[in-house]
Amino acid sequence: MQAMQVKNDFPILQKVIYERYPLVYLDNAATTQKPRQVVEAMTEEYYNVNANVHRGVHFLSQQATELHEASRETVRHFLNARSTTEIVFTRGTTESINLVASCFGQAFMKEGDEVILSEMEHHSNIVSWQLLQARQGIRLRVIPITDDGRLCMDDFEKLFNERTKIVSITHVSNVLGTVNPVKDIIRIAHEHGVPVLIDGAQSTPHMPIDVQALDCDFFAFSGHKIYGPTGIGVLYGKEKWLDSIPPYMGGGEMIKNVSFEKTTFNELPYKFEAGTPDYVASTGLAKALDYVSSIGFDAIQAHEKDLTAYAMQRLMEVEGMKIYGPHLEEHDAVISFQVGNIHHLDMGTLLDRLGIAVRTGHHCAEPLMRRLGIEGTCRASFALYNTRQDIDALVDGIRRVSQMF
Ligand code: PMP
């Protein structure tokens with residue numbers, strides 16, 4: 001894969017920052033940039049197709065509906081789900097997780113029942129369950145991590161008991177880059193008769209996902225982290241679960257018949273899609289997935305593995321460098337680091353002055369920060385359009401900042 005050529009698909013990457021520095025965008029775990037193909041497809045839909053979807057008899061409505069449902073099929077294919085009835089459009093990973101916590105919790109969890117999470121979860125996979133805890137008195141059980149940021153799998157097995165109702169865990173850590181052994185986690189949970197939700201926010205952009213091979217019960221991801229638009233995401237759920245949990249929100253689209261006495265709900269997946277969906281964003285998401293598929297995960301993984309290895313090697317040349325997370329083999333394209341005692345906020349702010357975009361802070365993972373005994377880190381995260389030159393610019397930038405202190 002030629003990352004330089006790919007860069008041409010992303011107009012924003014040509015930007016010059018502070019009228020001086022070419023943009024070096026290394027904040028891809030927060031959100032990715034969008035290729036022309038995505039933006040143009042969405043513009044085209046607004047200019048030429050726009051109409052509300054489903055049940056419209058007129059031409060535009062039918063065309064918009066066809067596009068929206070074709071996008072659902074693209075998502076199904078991307079995840080290798082069995083059926084489009086298992087693909088629910090949401091606003092993103094956060095909404096997908098909240099949906100499961102709320103609806104699965106309502107159907108299957110009562111006071112004292114337990115959900116298993118891990119110490120490296122994003123706040124969205126902690127607070128959603130705490131809201132359920134406040135409503136229904138459930139308990140959160142937490143898999144500890146090792147000092148190098150891997151799950152303690154022995155402890156995981158010991159957390160199961162007759163009150164365990166669900167495991168909800170991230171595929172890839174947005175801080176440490178750890179790739180969790182989700183296949184083993186799912187197998188072990190299923191041996192205990194417990195379903196599993198996988199937070200795929202950080203895995204979908206970097207590796208092929210096959211929900212049938214994984215055998216996960218739910219899988220959540222966000223469009224904006226995989227070169228698609230903001231405001232759209234996906235919840236995959238096995239039909240048997242989606243069928244057996246109540247709707248999340250009430251409104252149009254999600255009903256079959258409404259009366260003041262009794263309302264019946266629509267079939268899957270519409271039962272979970274109250275209100276007008278973002279049918280233009282679904283087109284953008286499908287285009288983004290097509291874009292990724294056209295490059296192919298073999299090429300993306302080879303490129304990103306090379307970049308991550310190169311970045312680790314180059315960063316370690318910097319005096320006082322500490323990198324968090326596991327060794328390279330288990331490490332995805334996210335690197336959290338700290339240089340000497342330079343505050344991460346100072347480092348990030350000064351790198352920005354050189355046109356280098358990294359993220360600083362707790363990365364929505366405060367419990368993980370507490371476990372690591374730190375307040376925050378600087379985080380560089382890579383995408384398919386990053387190059388070794390971007391890494392060189394980062395390392396030079398860090399050196400320049402270090403010299404100031
Ligand atoms: N989980 C993980 C692991 C994440 O990295 C993120 C985004 N930082 C989320 C969940 C939430 O995603 P979103 O904000 O797109 O809903």
Side-chain angles (χ1 to χ4, degrees), residues 25-34 38 75 88-102 115 117-131 142-143 145 149-151 167-182 185 196-207 209 216 218-236 248 272 278 281-282 284-285 288-289 324-326 330-336 357-369 371 376-383:
Y25 187 78
L26 298 174
D27 193 18
N28 296 287
T31 201
T32 51
Q33 301 302 346
K34 322 302 168 200
V38 167
V75 174
V88 178
F89 284 123
T90 63
R91 283 192 304 122
T93 308
T94 302
E95 187 174 289
S96 299
I97 297 173
N98 273 272
L99 189 162
V100 175
S102 182
V115 53
L117 320 168
S118 85
E119 230 170 358
M120 65 171 86
E121 298 309 316
H122 186 275
H123 292 165
S124 57
N125 196 27
I126 300 173
V127 185
S128 315
W129 299 101
Q130 287 175 330
L131 295 178
V142 182
I143 313 167
I145 59 165
R150 288 177 296 109
L151 293 177
V167 174
S168 188
I169 193 136
T170 194
H171 196 168
V172 172
S173 161
N174 65 315
V175 178
L176 303 166
T178 315
V179 182
N180 286 325
V182 286
I185 289 170
V196 181
L197 160 64
I198 302 292
D199 170 353
Q202 297 295 343
S203 59
T204 35
H206 305 294
M207 58 192 73
I209 303 294
C216 55
F218 299 100
F219 187 95
F221 76 95
S222 298
H224 70 99
K225 291 188 198 279
I226 183 164
Y227 315 102
T230 44
I232 189 154
V234 170
L235 174 67
Y236 157 81
Y248 185 44
F272 294 101
D278 196 339
S282 61
L285 174 60
L289 300 183
Y324 296 93
E330 292 159 283
H331 207 114
D332 203 49
V334 177
I335 302 183
S336 265
V358 295
R359 188 142 293 244
T360 62
H362 55 60
H363 315 295
C364 293
E366 285 192 37
L368 174 58
M369 295 296 125
R371 164 65 178 84
T377 70
C378 244
R379 181 185 73 184
S381 49
F382 314 124

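For ligands, and for the atoms within them, numbers begin at 1 and follow the listed sequence. The model shown is predicted, which means the values in this text are computed figures rather than measured ones.
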K.L.:
Please report the shortest heavy-atom distance between Y236 and C216, naming the atom on each side.
P.N.:
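Nearest pair, atom of Y236 first, then C216: CE2-O, 3.7 Å.
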K.L.:
I need the minimum non-hydrogen distance between G361 and M369, along with the two atoms involved.
P.N.:
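Minimum heavy-atom separation between G361 and M369: O-SD, 4.4 Å.
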K.L.:
Show the short N or O contacts, below 3.5 Å, that ligand 1 makes with protein N or O atoms; if there are none, say 'none'.
P.N.:
residue  : atom   : partner : partner atom : Å
ligand 1 : 1 (N)  : D199    : OD1          : 3.3
ligand 1 : 1 (N)  : D199    : OD2          : 2.5
ligand 1 : 5 (O)  : Q202    : NE2          : 2.7
ligand 1 : 8 (N)  : H122    : NE2          : 3.3
ligand 1 : 8 (N)  : K225    : NZ           : 2.8
ligand 1 : 15 (O) : S222    : OG           : 2.7
ligand 1 : 15 (O) : H224    : NE2          : 2.7
ligand 1 : 16 (O) : T93     : N            : 3.4
ligand 1 : 16 (O) : T94     : N            : 2.9
ligand 1 : 16 (O) : T94     : OG1          : 2.6

K.L.:
Decide whether N98 and S128 meet the rule of one side-chain donor and one side-chain acceptor closer than 3.5 Å.
P.N.:
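Note: N98 and S128 side chains meet the donor-acceptor criterion.
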K.L.:
Would you mind reporting whether F89 and V234 have side-chain heavy atoms less than 4.5 Å apart?
P.N.:
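V234 reaches F89 side chain to side chain.
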K.L.:
What do you reckon, is CZ of R91 surrounded by more than 12 foreign heavy atoms closer than 6.0 Å?
P.N.:
no
K.L.:
I need the minimum non-hydrogen distance between Y248 and E95, along with the two atoms involved.
P.N.:
CE2-CG, 4.1 Å
